[in-house]
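One structure is given below, encoded as structure tokens.
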Amino acid sequence: MDEGLRSELSKQGIFTVKMQELLQWGYNTSRKNSIWPLQFGLACCAIEMIATSMARYDLARFGAEIFRPSPRQADLMIVAGTVTKKMAPQVVRLFNQMPEPKYVIAMGACAISGGPFKQGYNVLKGIDRFIPVDVHIPGCPPRPEALLHAFMTLQRKIDSDLLTGPNRARHLDSEICGEYPLPTFGEHDLEPAFNPEVWHPPVIVRE
Amino acid sequence: MPEYSPYLFLAVFFAVALGFGLLPLGLARLWAHKFSPAKPGPQKNAIYECGLEAKGETPIQFKSEYYLYAIMFLVFDVEILFLLPFAVAFLQLPLGASIAMLVFVLLIVEGLIWAWMKGILDWT
């Protein structure tokens with residue numbers, strides 16, 4: 001159907017849609033309105049995460065109030081807090097054990113960069129070194145409104161997921177593996193220190 | 001009005017019930033085949049234990065002797081269940097009912113004697 005006929009029909013009150021678009025709309029709409037987060041707090045950001053799910057901020061408005069204590073039933077991991085190097089393999093394993101589709105919100109300064117512990121020896125400088133993070137929220141800790149904003153951002157991202165084609169959503173691509181390699185405890189640092197598939201060290205340009 | 005078999009609606013009901021269950025499963029399978037590939041993996045299929053690697057065996061050993069306590073519980077439980085209404089209605093009961101109850105109690109007591117001889121009742 002060409003665009004001219006389509007717009008002509010829509011002027012008459014007849015809306016046409018491709019089957020694929022309809023399926024994609026239904027799929028994305030139903031998924032984005034029922035995100036079940038993993039009940040998983042690492043540090044003080046978890047308190048803000050709890051506050052977000054409680055009556056005052058009411059995460060249930062986004063269909064995401066059901067925090068699951070098992071990765072088997074969760075499709076969103078909120079990395080809420082400081083990820084120490086000792087904890088990092090467990091975080092990655094939990095992420096690997098979640099079924100597809102799965103999303104990650106890195107909540108707070110520690111989860112996105114190491115935060116105030118960035119210069120320390122035992123804190124991971126951002127969980128995005130090992131798993132693909134969809135939304136980063138800055139803040140120490142971020143307010144519940146910031147987490148709600150992250151939810152809305154994630155919903156917009158899910159809404160724009162494509163069903164087919166080369167740019168289709170990560171979980172629909174059979175080429176992309178759902179499991180990410182686990183770091184192991186090395187002599188001085190985690191080995192490998194980052195996953196080159198999801199993160200590259202920034203290139204410092206000095207003039 | 002045509003004649004229907006009185007059981008025809010059962011067949012229709014069964015077919016609809018089967019379809020109601022199988023149709024979503026079939027659609028989900030079709031969706032997985034067309035769009036969403038399964039992505040199993042060694043870690044995803046592993047036993048879930050809070051992010052840690054599972055240690056030890058999943059099937060735990062349970063002392064099989066505990067079945068004796070279950071039997072003893074059953075003996076006394078069934079006994080009290082039937083003896084209490086029997087005792088309440090004792091004066092109105094005919095002789096036959098009392099004898100039947102005696103046989104029943106004897107059957108139960110047989111289990112108790114068996115357990116006694118086996119030495120389960122010694123709480124040491």
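Here is how names work: the chains are called A, B, and so on, in the same order as the sequence lines, proteins then strands, and each is numbered from 1.
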Taking B/Lys44's backbone N and O only, do any of them form a donor-acceptor pair with A/Arg72's side chain (distance below 3.5 Å, no angle check)? yes

Between CD on residue A/Gln97 and CG on residue B/Asn45, distance to nearest 0.5 Å: 9.5 Å

Largest heavy-atom contact set with chain A, pairs under 4.5 Å, which of B/Gly51, B/Pro37, B/Ala32: B/Gly51

For atom CZ of B/Arg29, decide whether the heavy atoms of other residues, nucleotides or ligands shown that lie under 6.0 angstrom number more than 12. no

A/Gln20 atom CD: more than 12 heavy-atom contacts under 6.0 Å: yes

Should we say atom CZ of A/Arg61 is surrounded by more than 12 heavy atoms from elsewhere, each under 6.0 Å from it? yes

Could you tell me which portion of A/Pro69 (side chain, backbone, both or neither) has an atom closer than 4.5 angstrom to a non-hydrogen atom of chain B? backbone

CD/A/Glu191: more than 12 non-hydrogen atoms of other groups inside 6.0 Å: yes

If you draw a 6.0 Å radius around NZ in A/Lys86, do more than 12 non-hydrogen atoms from other residues or ligands fall strictly inside? no

Can you measure from CG (A/Leu23) to NZ (B/Lys34) and round to the nearest 0.5 angstrom? 9.0 Å

As an exercise, state the distance from OG of B/Ser36 to CG of A/Leu163, rounded to the nearest 0.5 Å. 9.5 Å

Per-residue contact mode, B/Ala38 against chain A (heavy atom under 4.5 angstrom): neither

Evaluate the side chain to side chain contact (heavy atoms under 4.5 Å, CB included) criterion for residues B/Phe35 and A/Tyr27: first the C-alpha distance (whole Å), next the side-chain angles of each, then the deciding distance (0.1 Å), finally the verdict. CA-CA 11 Å; B/Phe35 296 112; A/Tyr27 183 55; over 6 Å; no

Take atom CH2 of B/Trp31 as the centre, draw a 6.0 Å sphere, and report whether it contains more than 12 heavy atoms from other residues, nucleotides or ligands. yes

If you count every heavy atom of other residues, nucleotides or ligands that lies below 6.0 Å from B/Glu53 atom CD, does the total exceed 12? no

Go through the atoms of A/Met98 and report whether side chain, backbone, both or neither lie under 4.5 Å from a heavy atom of chain B. backbone

I'd like to know whether CZ of A/Phe185 has more than 12 heavy-atom contacts from other residues, nucleotides or ligands below 6.0 angstrom. yes

Which atoms of A/Thr164 approach chain B - backbone, side chain, both or neither, heavy atom under 4.5 Å: side chain

Honestly, the part of A/Gln39 sitting under 4.5 Å from a heavy atom of chain B is neither

Less than 4.0 angstrom from a charged side-chain N to a carboxylate O is my criterion; do A/Glu179 and B/Lys39 meet it? no

Shortest non-hydrogen contact from A/Leu94 toward B/Cys50: CD2-C, 4.0 Å

